[in-house]
There are 2 protein chains.
Amino acid sequence: MIRRIPQARDRGIPDATVARLPLYLRALNGMAERGTATVSSEDLALAAGVNSAKLRKDLSHLGSYGTRGVGYDVQYLIYQISRELGLTQDWAVAIVGVGNLGRALANYGGFASRGFRIAGLLDADPHVVGDRIAGLVVEHADELESVIKKRGVSIVVIATPATAAQQVCDRVIAAGVTSILNFAPVVLAVPDGVDVRKVDLSIELQILAFHEQRKANGGPIMAEEWPDGVVM
Amino acid sequence: MIRRIPQARDRGIPDATVARLPLYLRALNGMAERGTATVSSEDLALAAGVNSAKLRKDLSHLGSYGTRGVGYDVQYLIYQISRELGLTQDWAVAIVGVGNLGRALANYGGFASRGFRIAGLLDADPHVVGDRIAGLVVEHADELESVIKKRGVSIVVIATPATAAQQVCDRVIAAGVTSILNFAPVVLAVPDGVDVRKVDLSIELQILAFHEQRKANGGPIMAEEWPDGVVM
DNA sequence: TCGACTTTGTGCATAGCTTCACAAAGGCAC
DNA sequence: GTGCCTTTGTGAAGCTATGCACAAAGTCGA
């Protein structure tokens, strides 16, 4: 779950908008690569898979960066969104837990290109410590606090088994980290002021199963359960 | 004209509720393992990391399964939520793209325990085809349609590079699949009736970076001073 | 049986998000 | 400049989600 942070009154950008900005950014980067100079809200919305009114309202929270009758300058908008998201600076990220998932994350190219630098890989298993992955040597989990402090890590990714997650979480918070991305299937308990985002692979499948079952049953309302409140 | 009135037993369950049911289910499973027979909304909400009123409202969409003065029977509630999510049946899942992420997914234990059976691993790379992962032999992507049809695959996980994702998507839809979990960083174009859920690792980090930047800048007060800072 | 106590299920107010629809603003041709 | 065209930015309306607060419904001891 995401803990809400008190936001600026004037420039408090809605959470729903923040969650979509990376989407716009990716669509814009694709356009920039293809040499597109300007783009209308209609076209950008299409590329990002949202409705154009929503896109315009989202962008209006950042400022008035479009030109009426023309659209948005691709490069300028990339810059503004990047700045808003904090991607114009370099973020040092540590990944704790170098199992299959941790390795996948370490090798994922989408991080480096967006200002996220993997500054440490840590694991508690002596058999894994010392391995070289994505150009980094895996360090022992005992080094967690020192890695965080020495390398200025401000975001930690937890990719450990569920049983270890809370302990790792407590330690990184004690070491001053306030942003955590959690892949372990547990609800982490954190004090106020710490942001936790959770990615749960099995939850997504369960949501799909729910909808799939519904399709298979021939519609949203099963005859046997037809409610009294339905009016014809 | 049919008008749907939100009500207990109405099968139209809000998306926000569906997204939380797996969370409750996990908390309940933990309690069942520890031998807890009944649980109050207060305690279950605590374990799932939500507010107890929200939990009760969510559960009320499934039906009236609690006992006032006592709480919810853990086993019974597990059954009801599982049934609602469609987890009492077996789902055959195919994973396309056996890179680091595909391997991580294939080895992830959280699937099998919830009725998701990995029925196929496919990849286009001849060097990977034939590898044995999590008890399955990787098959060539050319076999996609036949694997889907022969093994009754109803959910496909796309863990390919971005460039291959849309093509894979088109093929699985043509083969009759209507539920897709996409890990590739692209917006998939799909016809009506097809469900796509997206997990994007870098988006989550970008959202964290946004909040982290806010904290670092001293919070709401500072925000007011940015707007006209940079001119292009 | 009764009364005290616990906990659910939900009406209601509020907050947040989405979408529509259009005036305002800019470009462009002449 | 003037008029026309395109597209933004946003007020307002409608919809969905959240959380409070409490009546209703149950348990339990005496």
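Here the structure is a predicted model, which means the values were calculated and not measured. The analysis underlying the following values was restricted to heavy atoms, covering all of them including side chains, and did not include hydrogens, waters or symmetry mates. Proteins get letters first, then strands, A, B, ... in listed order; numbering begins at 1 in each.
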Once you round it to whole Å, what is the distance between P of dT8(D) and CG of D73(A)?
13 Å
Just the rounded figure in Å: distance from C1' of dA25(D) to OH of Y65(B).
18 Å
Would you indicate whether the side-chain heavy atoms of Q75(A) and M31(A) approach each other to under 4.5 Å?
no
Compare the minimum distances between each of dG9(D), dT18(D), dT18(C) and the side chain of A16(A), then state the nucleotide with the smallest one.
dT18(C)
Considering just the side-chain nitrogens and oxygens of S64(A), establish if one lies under 4.0 Å of OP1 or OP2 belonging to dG9(D).
yes
side-chain N/O Y72(A) vs dG26(C) OP1/OP2, d < 4.0 Å:
no
Can you say whether the rings of Y76(B) and Y79(B) are parallel (under 30°), tilted (30 to 60°) or perpendicular (over 60°)?
parallel
Interatomic distance, Y24(A) OH vs dT8(D) P [rounded to whole Å]:
13 Å
Strictly below 4.0 Å: does S41(A) bring a side-chain N or O up to OP1 or OP2 of dT7(D)?
no
Tell me: CG of L55(B) to C1' of dT10(C), nearest whole Å?
14 Å
Could you tell me if Q166(A) and D170(A) have a donor-acceptor pair between their side chains, going purely by distance under 3.5 Å?
yes
Closest nucleotide of DNA chain C for V39(B) versus for K54(A): which of these residues is on the 5' side?
V39(B)
Quick one: D58(B) CG to dG9(C) P, roughly how many Å, whole number?
12 Å
Length of the line joining D15(A):CG and dT18(C):P, which is rounded to integer Å
11 Å
Beyond-backbone contact of L62(B) with L21(B), side-chain heavy atoms, under 4.5 angstrom
yes
Are OP1 or OP2 of dT7(D) and a side-chain N or O of S40(A) less than 4.0 angstrom apart?
no
For the side chain of A53(A), counting heavy atoms from C-beta on, which of dG9(D), dG26(D), dT19(C) is nearest?
dT19(C)
Within the 3.5 Å criterion, strictly below it, is a donor on S154(B) or E212(A) matched to an acceptor on the partner's side chain?
no
Just to confirm, is there a sub-4.0 Å distance from OP1 or OP2 of dG11(D) to any side-chain nitrogen or oxygen of R56(A)?
no
Between C1' on dT10(D) and CG on L62(A), what's the gap in Å once rounded to a whole number?
15 Å
Would you kindly check whether a donor in the side chain of K57(A) faces an acceptor in the base of dT19(C), or vice versa, at under 3.5 angstrom?
yes
Verify the contact: side-chain N or O of N51(B) to OP1 or OP2 of dA17(D), cut-off strictly under 4.0 Å; return yes or no.
no
dG9(D) P sits how many Å from L44(A) CG, rounded?
12 Å
So for R68(B) and dT7(C), does any side-chain atom that can act as donor or acceptor lie under 3.5 Å from a complementary atom in the base?
no
